Amino acid sequence: MNTNTRTTFASSFEEDCYKGLTSYPKYLLSKYIYDKKGDKLFQEIMELPEYYLTRCEYDILEKHSAKIAGYMDGPGGFDLIELGAGDGKKTKLLLRELVAQKIDFNYLPVDISENVLLELEASLKSEIPELEVKIQQGTYFKTLEKLADFNTRKKVIMMLGSNIGNLLHKDAIDFLTNISAAMSDKDMLFMGFDQKKHPQTVLDAYNDPTGVTAAFNKNHLERINSELGGNFDIDTFLHWETYDPESGTAKSFLVSKIDQKVSIESLGLEVHFDAWETIHTEISQKYDDQVVNWLADQARLKVTNAFTDKKGYYKNYIFQK
Ligand code: AVI
């Protein structure tokens, strides 16, 4: 068995893959799925009939945007800071409403990728020309710190897509605590949380029959092959999803169908897999009000409002200090 002995790495991707594949049980971090191919596969996932999350959040924003806009507005206007810009499809519903109500606000999408931001800026310029957009390239917390420093206007921090669900509770609390630290009493946080529901509905969302989610999960191995000189035979791994209705945790795995060895050149590593050995690749946490209130409390925030879709599958919460 390999041990965690190596200490120098060329990138955090190398380091995290090394740590994950030399641990027992093995794991890989879901943030590394998102290269160009992973981004494209995630766009496809969002169009799948089984992946209800995107449509539910879209419905919530479509139905309640006038009310939500009202909660966001404040004396002297506000800055709408969106963490993770994406393609802005859902956000545009809200932006259009804010512009239609002639509310005084600037839109500040934050993303690590300048490319994503420039594309979003260009599409907003042609679709909502009246909108004031100030793109913010950087990590979420560095940007929030910077904005908290010189900003006296009300800040509305927004994160859609239940992206928080890819964090374990303790990491979600750290995440919310960092956001809370950048907020003043007049600021608010608007965030989407996928809800607990029939376990089969959750399982189906992460196990579509067309295999898009499987390809998305296996993109981990594709990336290791192309960027770290790995020789994973992708077809010998099975995409497997579990959901624990008690904890609300959906987990994704890649399961080796055979006993095999995989070598990863730039890690100087040969990884042995027993037949049916697993790599844990992602969690997608599902919530209820009790858990969201607990997370908020831990981060010194309060839930002040919430909006849901017809089926109650998904909720967007407003948090304040
Ligand atoms: C980005 N994130 C919220 C998605 C989710 O639902 O956990 C990622 C995803 N993984 C498989 N399908 C979608």
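For this chain, numbers begin at 1 and follow the sequence in order. Counting starts at 1 for both ligands and their atoms, following the listed order. All values derive from a computational prediction rather than experimental measurement.
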| said: Show me which atoms of ligand 1 lie under 4.0 Å from any heavy atom of Y51. | reply: 4 (C), 5 (C), 6 (O), 12 (N), 13 (C)
| task | Among all protein heavy atoms, pick the one closest to atom 7 (O) of ligand 1 and tell me residue, atom and distance. | result | S284 OG, 2.6 Å
| query | Do D244 and S247 meet the criterion of a side-chain donor-acceptor pair at a distance under 3.5 Å? | reply | yes
| said: For ligand 1 and E282, I'd like to know whether there is a polar contact (N/O to N/O, distance under 3.5 Å). | reply: yes
| field | Modelled atom types, side-chain donor and acceptor of E47 and Q43, under 3.5 Å | value | no
| query | Would you find a donor on one side and an acceptor on the other, under 3.5 Å apart, between the side chain of K197 and the backbone of Q195? | reply | yes
| request: Please could you name the atoms of ligand 1 that Y206 approaches to less than 4.0 Å, counting only its heavy atoms? | output: 5 (C), 6 (O), 7 (O), 10 (N), 11 (C), 12 (N), 13 (C)
| query | Got the closest protein heavy atom to atom 2 (N) of ligand 1, with its distance? | reply | N166 OD1, 2.9 Å
| Do N115 and E119 have a side chain donor and acceptor closer than 3.5 Å? | no
| request: Identify, by atom number and element, the atoms of ligand 1 in contact range of S162, meaning under 4.0 Å from any of its heavy atoms. | output: 3 (C)
| query | Atoms of ligand 1 less than 4.0 Å from Y34 heavy atoms? | reply | 1 (C), 8 (C)
| Heavy atoms, side chains only, cut-off 4.5 Å: are Y287 and H169 in contact? | yes
| said: Main chain of F253, side chain of N217: is a donor-acceptor contact present, judged purely on distance under 3.5 Å? | reply: yes
| message | Using ring pair (Phe, Tyr, Trp, His ring centres under 6.0 Å), reason through Y317 and F193 one step at a time and then give a plain yes or no. | response | CA-CA 8 Å; Y317 293 83; F193 289 73; 5.4 Å; yes
| said: Looking at ligand 1, would G165 count as a contact under a 4.0 Å heavy-atom criterion? | reply: no
| remark: Under 4.0 Å between heavy atoms, the region of N217 that gets near ligand 1 turns out to be neither
| field | Interfacing atoms of ligand 1 (cut-off 4.0 Å, heavy-atom, G161) | value | 3 (C)
